[in-house]
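Take a look at the structure set out below.
In what follows, residues are counted from 1 in the order of the sequence shown.
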Amino acid sequence: MEIYEIALKLSFLFQNTKFAVGKYQTRKESFRVDKNKEISSTDLEVIGSMSKSQCATFCAKNSDYCCEITYVTLSGECKLEPSGCCHTDLSTVSGSDLLQTSRKFSDYTYTLSVTNGGTFGDWTYQEFCTKGHYAIGYKMKIEPPHADSSELNAIEIICGSRGGVRCGDTASSGQQVWGVWTVEALCPAKTLMVAFSLQVHQYNGESDNTGANYVKFKCRYFKDGGSDSDLSYTPGYGPYGTYGEWSDACPDNSAICGIQTKIQSYQGGGADDTALNDVKFFCCE
């Protein structure tokens, strides 16, 4: 957990709204200090006056919900950047809900991909969990076998806090229209998705090719690069193709936070449709 100090000369940027909650004097301020020490505009929640060590301890205890803290030495104030599921657990401390902000494309730190993706289609848009949220599970939209099967049509990741608590948002990127959604497959408690493997029916000149059929993941604690567990929706595989090798895993202190799919458009006229062919996932700290 990194702590940043703000000098008195920056105090003119403060835009304060003060209110009292319990033993804390709290307010919102519309600035933040980035890691490069530059100022940018956002809402920070001042949770009270305390020592630097108390501030660090407070945020460490709530690190499953809060991403960054700012400590102002001159005023002795502890501030939290509003992100993740902060509002669900800290509203009793701050006295008001904390803002949830969307991720920017530049927020991710690592891209996960596999080498066996299908050849058809185009990469669609990137979609992310809300800032401070990470993938705790997923579901798939699958078209069952018939004369022109497309199998996997979409993947949706379910977003939660660093501690694996569901936050209510999802991310899915582009998708095709066929099939029905499976039920959710969720990581074990307090773990997050960090790697994936894709089952693909490779093009072989036959009349019905299906592209990607299934996807599975590995789950791990956010802060721990140790043991992981496999996550897949029963039975864990589709009717066509084979799984390739596992992708790289998100580095320690990061997890999957976004998705981008490669989708073949509707071919029409009795031509062969394959729908989803490949996928990338993005890791965030």
Spatial distance of atom [atom1] ([X]) from atom [atom2] ([Y]) [nearest 0.5 Å]:
X	Y	atom1	atom2	result
Ile142	Glu151	CD1	CD	6.5 Å
Tyr138	Ile155	OH	CD1	8.5 Å
Leu276	Met140	CG	CE	11.0 Å
Thr115	Glu245	OG1	CD	6.0 Å
Asp273	Glu143	CG	CD	8.0 Å
Phe281	Ile259	CZ	CD1	4.0 Å

- Item | Presence of salt bridge, Lys139 and Glu156, under 4.0 angstrom |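 Looking at Lys139 together with Glu156, the answer is yes, because their closest N to O distance falls below 4.0 Å.
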
Any donor-acceptor pair under 3.5 Å linking the side chain of [X] with the backbone of [Y]?
X	Y	answer
Asn213	Tyr240	yes
Ser173	Glu127	no
Ser113	Lys280	no
Gln267	Ser265	yes
Gln260	Thr124	yes

- Item | NZ or CZ of Lys218 within 45° of Trp246 ring axis and under 6.0 Å |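 Yes, Lys218 and Trp246 form such a contact.
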
- Is Lys190 positioned over the aromatic face of Tyr221, cation under 6.0 angstrom from the ring centre and no more than 45 degrees off axis?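 Not flagged: Lys190 not positioned over aromatic ring of Tyr221.
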
- Query: With under 30° as parallel and over 60° as perpendicular, where do the rings of Phe217 and Phe196 fit, or are they tilted in between?
  - Reply: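 Geometry flag for Phe196 against Phe217: tilted rings.
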
- Task: Start with the C-alpha distance between Asn253 and Lys223, add both sets of side-chain angles, then the distance that settles side-chain contact (heavy atoms from CB on, under 4.5 Å), and finish with yes or no.
- Result: CA-CA 4 Å; Asn253 295 301; Lys223 298 179 181 179; 3.5 Å; yes

- Ring-ring centroid check Phe282 Tyr110, cutoff 6.0 Å: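 No, too far apart.
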
- Query: So do Cys257 and Cys283 have their SG atoms closer than 2.5 Å?
  - Reply: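 No, because the SG atoms of Cys257 and Cys283 are not under 2.5 Å apart, which misses the disulfide cut-off.
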
- Answer yes or no for Cys159 and Cys129: SG-SG distance under 2.5 Å.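 Yes, because the SG atoms of Cys159 and Cys129 sit under 2.5 Å apart, which meets the disulfide cut-off.
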
Can you name the nearest heavy-atom pair linking [X] to [Y], along with the distance?
X	Y	answer
Gly238	Tyr214	N-CD1, 3.4 Å
Asn277	Val200	O-CG2, 4.4 Å
Leu192	Cys187	C-SG, 3.8 Å
Ala195	Ala249	CB-CA, 4.0 Å
Ile158	Arg166	CG2-NH1, 3.5 Å
Ala275	Leu152	CB-O, 3.7 Å

- Task: Show your reasoning for whether side-chain contact (heavy atoms from CB on, under 4.5 Å) applies to Cys250 and Leu112.
- Result: CA-CA 8 Å; Cys250 294; Leu112 304 180; 3.9 Å; yes

A side-chain contact here means heavy atoms from C-beta on lying under 4.5 Å apart; do [X] and [Y] qualify?
X	Y	result
Val194	Arg220	yes
Gln126	Tyr108	yes
His133	Ser161	no
Asp278	Val114	yes
Tyr134	Ile256	no
Val279	Leu198	yes
Thr170	Ile157	no
Ser229	Pro188	yes

Pair [X], [Y]: side-chain N/O donor-acceptor within cut-off below 3.5 Å:
X	Y	answer
Thr130	Asp169	yes
Thr274	Thr210	no
Glu285	Thr109	no

- Asp122 atom CG, over 12 foreign heavy atoms within 6.0 Å: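 Incorrect, the count does not exceed 12.
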
- side-chain contact (heavy atoms from CB on, under 4.5 Å) evaluation trace for Lys216 with Tyr243: CA-CA 9 Å; Lys216 60 183 178 180; Tyr243 275 106; 3.7 Å; yes

- Stepwise side-chain contact (heavy atoms from CB on, under 4.5 Å) test for Gln199 and Val215: CA-CA 6 Å; Gln199 182 187 351; Val215 63; over 6 Å; no

